[in-house]
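Below is one structure; the comments refer to it alone.
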There are 2 protein chains.
Amino acid sequence: MNMYNSAMILNPVAQRFILHWGEMGSKWGVNRTVAQVHALLYFVGKPMPADEITETLGVARSNVSNSLKELQNWNLIQVVHIMGDRRDHFTTSSDVWVLFKTVVHERKEREFDPTISVLRDCLESPDLDKEDAEAQQRIKEALGFMEVLSTWGDQMLKLEPSTLMKVLKLGSKIKDLLSLAK
Amino acid sequence: MNMYNSAMILNPVAQRFILHWGEMGSKWGVNRTVAQVHALLYFVGKPMPADEITETLGVARSNVSNSLKELQNWNLIQVVHIMGDRRDHFTTSSDVWVLFKTVVHERKEREFDPTISVLRDCLESPDLDKEDAEAQQRIKEALGFMEVLSTWGDQMLKLEPSTLMKVLKLGSKIKDLLSLAK
DNA sequence: TATTAATTTCTGTTTTAACTGAAACAACTG
DNA sequence: CAGTTGTTTCAGTTAAAACAGAAATTAATA
């Protein structure tokens with residue numbers, strides 16, 4: 001055990017929030033515990049040591065350890081230290097925009113960009129030449145689509161959150177501005 | 001068995017494309033076979049009967065049956081019939097934009113919107129009042145964020161693919177237009 | 001440097017989802 | 001309506017991921 005007293009009591013709303021976030025994660029290919037740990041840190045809004053997370057969520061210590069590592073790999077949490085406490089404490093940004101941008105950036109790098117590479121490879125392969133031209137065209141279109149989306153994503157990620165917000169709020173009114181652009 | 005001859009031979013490029021698409025699906029919470037079946041239909045660009053899909057992918061017939069059903073639930077494939085052939089044939093749009101919009105629309109309805117509901121419930125719950133105001137504020141910000149994204153998504157989905165394409169191509173130049181907007 | 005605290009790694013178990021093959025069902029054909 | 005073709009459902013199996021608990025490692029303290 002540990003010299004500190006652990007286990008934070010979560011009220012029902014916090015539980016609902018954290019559990020739902022975990023399920024949401026599962027549906028998007030994120031480990032449930034990982035999502036729960038992050039939701040917890042976001043909810044409490046202050047740094048927590050691993051043991052406290054463990055007891056609060058009621059999962060194994062090692063599970064928390066791995067989840068924290070995973071979240072660090074995703075740049076979603078940071079380690080901080082509390083004066084007079086040897087333990088690592090973990091915290092996450094309370095700015096949803098920052099979190100969102102981080103996730104989009106990471107997923108793009110890990111999953112989107114590699115897919116673009118594969119499609120490029122496919123098009124360059126001599127095996128495709130023998131194939132009918134239409135299939136080649138479809139791969140080309142899929143690639144073009146992903147490239148447009150990728151470039152756009154990069155540019156959006158560079159915007160200030162407040163600017164990005166304005167863009168989103170603009171919504172489909174952007175259509176009207178389109179004629180002005182050139 | 002079946003009175004027709006099945007099994008389409010896939011060249012290495014097609015295989016690479018389909019297998020990668022399957023792995024990609026897994027990482028985003030989509031069943032691998034489901035993703036593969038869809039990739040195959042996209043690649044071949046013409047209607048295929050279930051048996052031919054089965055033999056081409058080398059998976060169980062029932063697996064294909066369930067995958068096709070799933071893809072129909074997602075509105076990603078359609079059933080068509082070929083003159084003189086009793087079997088159902090399945091086909092998917094060759095327009096990546098249409099496919100993308102379909103997926104975004106469905107996922108939004110299934111996973112995004114329900115989460116918004118949960119967050120609203122959380123905020124309305126009397127249990128949260130007792131909680132510190134900052135946690136409440138964070139939930140509120142998460143909700144606000146998701147609502148903005150949701151509204152924006154709905155509006156983007158309504159745009160013509162060609163218009164949407166222009167918006168994406170505009171990229172961060174949109175920043176300059178922002179001052180003109182009101 | 002011995003002791004304790006804190007964290008990670010490892011191995012085995014559990015859980016969940018995917019998948020198969022067979023049986024049931026439905027639709028069509030002669 | 002008997003036989004055939006095509007599709008779906010279902011029960012059981014397999015495979016993959018998540019998770020737990022113990023052991024090992026690292027780091028801090030005294």
Side-chain angles (χ1 to χ4, degrees), chain A residues 1-7 18-19 21-40 47-73 77-90, chain B residues 1-7 18-19 21-40 47-73 77-90:
Chain A
M1 237 287 122
N2 123 37
M3 63 178 287
Y4 310 88
N5 248 353
S6 291
I18 291 164
L19 293 176
W21 212 254
E23 287 163 23
M24 203 45 30
S26 303
K27 297 197 184 180
W28 289 84
V30 178
N31 177 294
R32 195 181 65 218
T33 311
V34 170
Q36 285 182 359
V37 169
H38 188 257
L40 172 62
M48 281 179 88
D51 270 318
E52 196 173 348
I53 297 172
T54 301
E55 308 232 337
T56 307
L57 293 182
V59 295
R61 179 66 179 77
S62 54
N63 194 3
V64 169
S65 177
N66 290 327
S67 298
L68 289 170
K69 195 181 212 178
E70 178 80 351
L71 286 168
Q72 285 177 284
N73 290 340
I77 63 172
Q78 296 77 231
V79 179
V80 297
H81 290 98
I82 306 290
M83 190 62 77
D85 192 331
R86 287 169 54 178
R87 300 171 302 176
D88 286 351
H89 286 60
F90 300 90
Chain B
M1 239 287 116
N2 120 38
M3 62 178 288
Y4 309 88
N5 248 355
S6 290
I18 291 165
L19 292 177
W21 212 254
E23 288 164 23
M24 204 43 32
S26 303
K27 297 197 184 180
W28 289 83
V30 178
N31 177 296
R32 195 179 68 220
T33 310
V34 170
Q36 285 183 358
V37 168
H38 187 257
L40 172 62
M48 280 178 89
D51 271 316
E52 196 174 347
I53 297 172
T54 300
E55 307 231 338
T56 306
L57 293 181
V59 296
R61 180 63 181 78
S62 53
N63 194 5
V64 169
S65 177
N66 289 327
S67 298
L68 289 170
K69 196 182 210 177
E70 178 79 350
L71 286 167
Q72 284 178 285
N73 290 339
I77 62 171
Q78 297 75 232
V79 180
V80 297
H81 289 98
I82 307 290
M83 191 62 78
D85 192 331
R86 285 170 55 180
R87 300 171 301 177
D88 285 351
H89 286 60
F90 301 88

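Just so we're clear, the structure is a prediction, and the values are computed from it rather than from any experiment.
- Proximity of A:Arg32 to the phosphate of D:dC19: a side-chain N or O atom is located under 4.0 Å from OP1 or OP2.
- If you check residues 59-66 of chain A against DNA chain C, the residues with a heavy atom closer than 4.0 Å are A:Arg61, A:Ser62, A:Ser65, A:Asn66, listed by number.
- Atom-to-atom, CD of A:Glu52 to P of C:dA5 comes out at 18 Å; the value is rounded to the nearest Å.
- Residues B:Asn31 and B:Glu70 are not in side-chain contact: their nearest non-hydrogen atoms beyond the backbone lie 4.5 Å or more apart.
- Rounded to whole Å, the distance from CD on B:Glu23 to C1' on C:dA18 is 16 Å.
- Rounded to a whole Å, the NZ atom of A:Lys27 is 14 Å from the C1' atom of C:dA17.
- Within the 4.5 Å cutoff, the side chain of B:Val79 has no heavy atoms near those of the B:His89 side chain.
- Out of C:dA6, D:dG6, D:dC19, the shortest distance to the side chain of A:Thr33 is found at D:dC19.
- Atom-to-atom, CZ of A:Arg86 to P of D:dA27 comes out at 12 Å; the value is rounded to the nearest Å.
- One can place CE of B:Met83 at 16 Å from C1' of C:dC28, the figure rounded to the nearest angstrom.
- Taking atom CG of residue A:Asp88 and atom C1' of nucleotide C:dA5, one finds them 12 Å apart after rounding to whole Å.
- When every heavy atom of B:Gly22 is checked against every heavy atom of B:Ala35, the shortest pair comes out as CA-CB, 3.8 Å.
- Closest of all the heavy-atom pairs between B:His81 and B:Arg87 is CD2-O, 3.6 Å.
- A donor-acceptor pair under 3.5 Å links the side-chain atoms of A:Ser67 to the main chain of A:Asn63, judged by distance alone.
- When the P atom of D:dT5 is taken as reference, atom CZ of B:Arg87 falls 12 Å away, rounded to whole Å.
- With contacts defined as side-chain heavy-atom distances shorter than 4.5 Å, the pair A:Ile53/A:Leu68 qualifies.
- Within the 4.5 Å cutoff, side-chain heavy atoms of B:Thr56 are placed close to those of B:Met48.
- Look at B:Lys69 and you'll find a side-chain N or O under 4.0 angstrom from OP1 or OP2 of D:dT9.
- C:dT20 atom P lies 10 Å from atom CG of B:Asn31, rounded to whole Å.
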